[in-house]
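For the single chain, residues carry numbers from 1 onward in sequence order. Every number for a ligand or one of its atoms is a count from 1 in the order of the listing. Hydrogens, waters and symmetry mates play no part in the numbers below; they use all other heavy atoms, side chains included.
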Amino acid sequence: MSGESSVLRARDLSVGYAGTPVCAPVDISVGAGQMLAIIGANGSGKSTLLRAFLGLLEPLAGTVEVLGREVDERERSFRAQVAGVLDADAYFPGLTTREHLVLTARGHAVRAAGSVVDDLLDQFGLTDHANAFPESLSSGQRRRLLLAAGFVRPRQILVLDEPEQRLDVRMRRTLVQMLREDAARGVSIVFATHDEELVRGTGASALLMADDACSVLSPADAVAALARGL
Ligand SMILES: Nc1ncnc2c1ncn2[C@@H]1O[C@H](COP(=O)(O)OP(=O)(O)OP(=O)(O)O)[C@@H](O)[C@H]1O
């Protein structure tokens with residue numbers, strides 16, 4: 001998780017609320033095509049860290065850089081490079097599944113948006129629900145829609161918060177495959193997770209969150225830590 005060609009870099013990064021850190025400072029570097037899982041107990045600061053990576057939360061101290069520049073979510077270039085899917089249900093209630101994805105694709109200047117969306121609907125098993133509104137989808141189908149909205153965006157970095165949530169076993173396996181394909185294309189992927197299989201399947205290294213020190217683990221050590229319940 002180091003090297004000169006760092007795509008995402010955090011240095012002595014402290015994150016938290018109202019001036020109080022939620023975990024120890026973080027030092028990580030993620031290169032092109034690398035995957036980093038963020039693991040740790042409930043409340044250990046995983047989502048908070050991801051929000052800082054996405055420029056949605058100001059660091060208390062330290063820095064976060066994407067492709068050598070400090071993150072600024074308001075910059076168009078940042079939004080063109082970084083796609084994030086966080087926990088919140090962030091869909092448009094008045095748009096169908098397909099309309100939501102096409103709007104997201106067009107908003108990010110994706111070429112041939114219609115056919116890109118149709119492929120994603122297929123990959124996420126949503127083709128039969130393309131014309132459904134979010135409230136008529138199951139919670140797992142809504143989760144698939146949110147993930148598809150992340151995958152429809154152009155990206156050099158993909159940030160996901162517990163992407164395994166509410167997905168069935170088959171969809172989790174498909175997700176592993178999609179993440180591996182993204183990484184093989186050079187996309188850097190950072191995801192918070194509690195899922196041992198997701199870490200095993202992706203072969204990701206991990207950042208283990210803690211109050212005293214956040215440590216980087218090898219893929220094997222990350223799987224072992226999750227297997228023993230951290
Ligand atoms: N908006 C907020 N304001 C104040 N404190 C918050 C806020 N969001 C989270 N926290 C606190 O920050 C700490 C870290 O929360 P965070 O959501 O980052 O943990 P997490 O590791 O993602 O947990 P989980 O595994 O349960 O998703 C928790 O103690 C939580 O109560």
(message) For ligand 1, give me the residues whose heavy-atom distance to it is below 4.0 Å, by chain and number please.
(response) Y17, V22, A41, N42, G43, S44, G45, K46, S47, T48, E162, H194
(request) Output, in order, the C-alpha distance, side-chain angles, deciding distance and verdict of side chain to side chain donor-acceptor pair (under 3.5 Å) for T97 and Y91. (result) CA-CA 9 Å; T97 299; Y91 47 77; over 6 Å; no
(request) Output every pair passing ring-ring contact (aromatic ring centres under 6.0 Å, His included) with a member in residues 148-206, not counting sequence neighbours, ordered by first then second residue. (result) F124-F151
(message) Let's go through N131 and T96 carefully: what are the C-alpha distance in whole Å and the side-chain angles of both, what is the deciding distance for side chain to side chain donor-acceptor pair (under 3.5 Å) to 0.1 Å, and is it a yes or a no?
(response) CA-CA 5 Å; N131 297 317; T96 66; 4.8 Å; no
(request) Examine F92 together with H100 and report whether their ring centres are nearer than 6.0 Å. (result) yes
(request) Give a yes or no answer on whether the side chain of R142 reaches the backbone of P134 with a donor-acceptor pair at less than 3.5 Å. (result) yes
(request) Inspect the contact between R172 and D195 and indicate whether a charged nitrogen and a carboxylate oxygen are less than 4.0 angstrom apart. (result) yes
